[in-house]
Number of protein chains: 2
Amino acid sequence: MDATSAVAAFAALAHEHRLAAYRLLVEAGPDGLSAGAIAGQLGLPPSSLTFHLQQLLHAGLVSQRRASRQIIYAMVAVAMNGLMAFLTENCCGGQASCAPACAPAELSLSA
Amino acid sequence: MDATSAVAAFAALAHEHRLAAYRLLVEAGPDGLSAGAIAGQLGLPPSSLTFHLQQLLHAGLVSQRRASRQIIYAMVAVAMNGLMAFLTENCCGGQASCAPACAPAELSLSA
DNA sequence: CTGACGCTTCGACAATCCTTGAATTGTCGT
DNA sequence: ACGACAATTCAAGGATTGTCGAAGCGTCAG
C-alpha cells in the first residue's frame, strides 16, 4: 500500500453514497451483494450507483463478478486492512508507551 | 462516529498533501508538530498548508494549540480509531468465521 | 428468435475543491 | 514601541467531481 493508492481508497470512501455502499458490502462479507440489491437499499438510480461502484472498484476496495444477469460486488478485506495499517504505520514513532492509542482494544473485533 | 463525520474524515484524508501531513502527525504522536515543521517537510507554501490543516482540523482528525509564535498540530487518536471501528462495524454480519479478515493480526501493533 | 431484465456507458451540466500571492493577525526580542 | 517572524485569511482562477436520463450490451426464459 503506497500513498497514491491510499489516497485513491480514501477518496473512494469520502462520499456519502459510496461509504454507505461499502459498509453494506462489509456487512455482507465474502458473498457480496448484487448491484441491484445495493441500489435498492440506497435508493439511487442505476447509472449513479454504477458510477460510485466503479470508484470503489478502481480503488481496489471491492471486487466484481458476474452471476448470470446480475453483477455481484464484494469487499476486498485485504485492501481495507492494508489501508488501516497504512494509516497507523509507525504510529508515535514506535514508542510502546503510546501504542495503545494507535490500535486500542475495541478495534480487535467488532462484536 | 456517524456516517456524516466519517465521510468528512475520509474526505480530509483523501488528498496527497493532507494524507502526508496526517501521517507525519501520526508518527509525531501526542507532541505534534508546528505548522512550519510540516510545511518544511512537505514543501508547501504556507497558505496551502493552512488550507489543508484546516480540513483535517474541521474533520476532527487533528487538534491545534498555540506555543508562543508557533501553532502545534497533533493527531487525535480517538478519531482515527473511531474511524477504523466505523469502517469495520458489523463486519461480515458478525460471523466469527469471517472475523479474522475484518481485523487481522498485523493491525494490532505497528511494530 | 424475440422480448424482458440487469447493469453499464455516454454526454452535458452544476457544484465543489485546490492552489497561491497578497494582505492581516498574533507573538516575541530589543 | 518597533521590526521581525509564524501562521491565517482573503480572493480568483482553473481543475475535478457528482448527477442522472437516454441509449447500448450481455444474459436469460419462452
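Proteins come first, then strands; the chains are lettered A, B, ... in the order of their sequence lines, and each starts at number 1.
Every residue meeting the side-chain contact (heavy atoms from CB on, under 4.5 Å) condition with A/Ser48, not counting sequence neighbours, appears here in chain and number order: A/Pro45.
Scanning residues 2-9 of chain B for heavy-atom distances under 4.0 Å to DNA chain D yields an empty list. Only A/Ser34, A/Ala35, A/Gly36, A/Pro46, A/Ser47, A/Thr50, listed by number, bring a heavy atom of residues 30-52 of chain A to less than 4.0 angstrom from any atom of DNA chain C. At a non-hydrogen distance threshold of 4.0 Å, B/Gln54, B/Gln64 from residues 54-65 of chain B come into contact with DNA chain D. Of the residues in residues 10-23 of chain A, not one places a heavy atom less than 4.0 Å from an atom of DNA chain C.
The shortest side-chain heavy-atom distance between B/Leu49 and B/Leu53 falls under the 4.5 Å cut-off.
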Taking distance alone, no hydrogens or angles, what donor-acceptor pairs closer than 3.5 Å link side-chain atoms of residues 11-24 of chain B to residues at least two apart or in another chain?
| residue | atom | partner | partner atom | Å |
| --- | --- | --- | --- | --- |
| B/His15 | ND1 | B/His17 | N | 3.1 |
| B/Arg18 | NE | B/Ala12 | O | 2.7 |
| B/Arg18 | NH1 | B/His52 | ND1 | 3.1 |
| B/Arg18 | NH2 | B/Ala11 | O | 3.2 |
| B/Arg23 | NH1 | A/Phe86 | O | 2.7 |

Donor-acceptor contacts, no H, no angles, side chain residues 27-38 of chain B, under 3.5 Å, sequence neighbours left out:
| residue | atom | partner | partner atom | Å |
| --- | --- | --- | --- | --- |
| B/Glu27 | OE2 | A/Asn90 | ND2 | 3.0 |
| B/Ser34 | OG | B/Ala37 | N | 3.1 |

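With axes fitted over five pairs at each extremity, the angle between the ends of the helix from C/dC1-D/dG30 to C/dT30-D/dA1 is 40° (10° resolution).
Between chain B and DNA chain C, the heavy-atom contact criterion of under 4.0 Å yields a 5' to 3' nucleotide range of C/dC18 to C/dC28.
For the pair B/Val26 and A/Glu89, the tightest heavy-atom approach, listed with the atom from each and the gap, is CG1-O, 4.3 Å. In plain terms, the two heavy atoms of B/Ala9 and B/Leu61 that are nearest each other are O-CD1, 3.7 Å.
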Between the protein and nucleotides 24-30 of chain D, are there any N/O to N/O pairs under 3.5 Å, and if so, what are the atom names and distances?
none

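Both A/Met80 and B/Met1 sit in one connected hydrophobic cluster of ILVMFWY residues. Membership requires side-chain heavy atoms under 4.5 Å apart, directly or through other members. A/Phe51 and A/Phe10 fall into different hydrophobic clusters, where Ile, Leu, Val, Met, Phe, Trp and Tyr residues are linked whenever their side-chain heavy atoms come under 4.5 Å apart, directly or through other members. With hydrophobic clusters built from ILVMFWY side chains whose heavy atoms lie under 4.5 angstrom apart, B/Leu42 does not share a cluster with B/Ile72.
Here CG of B/Leu87 is found 7.5 Å from CG of A/Leu83. Values are rounded to the nearest 0.5 Å. A distance of 9.0 Å separates OG1 in A/Thr88 from CE in B/Met75, rounded to the nearest 0.5 Å.
Apart from B/Val78 itself, the hydrophobic cluster it occupies contains B/Val76, where clustering links Ile, Leu, Val, Met, Phe, Trp and Tyr at side-chain heavy-atom distances under 4.5 Å.
Checking side-chain atoms of A/Ser5 against main-chain N and O of A/Asp2 turns up a donor-acceptor pair under 3.5 Å.
Under the side-chain hydrogen bond (donor to acceptor under 3.5 Å, both in side chains) criterion, the residue pairs touching residues 60-79 of chain B are B/Gln64-B/Tyr73, with sequence neighbours excluded.
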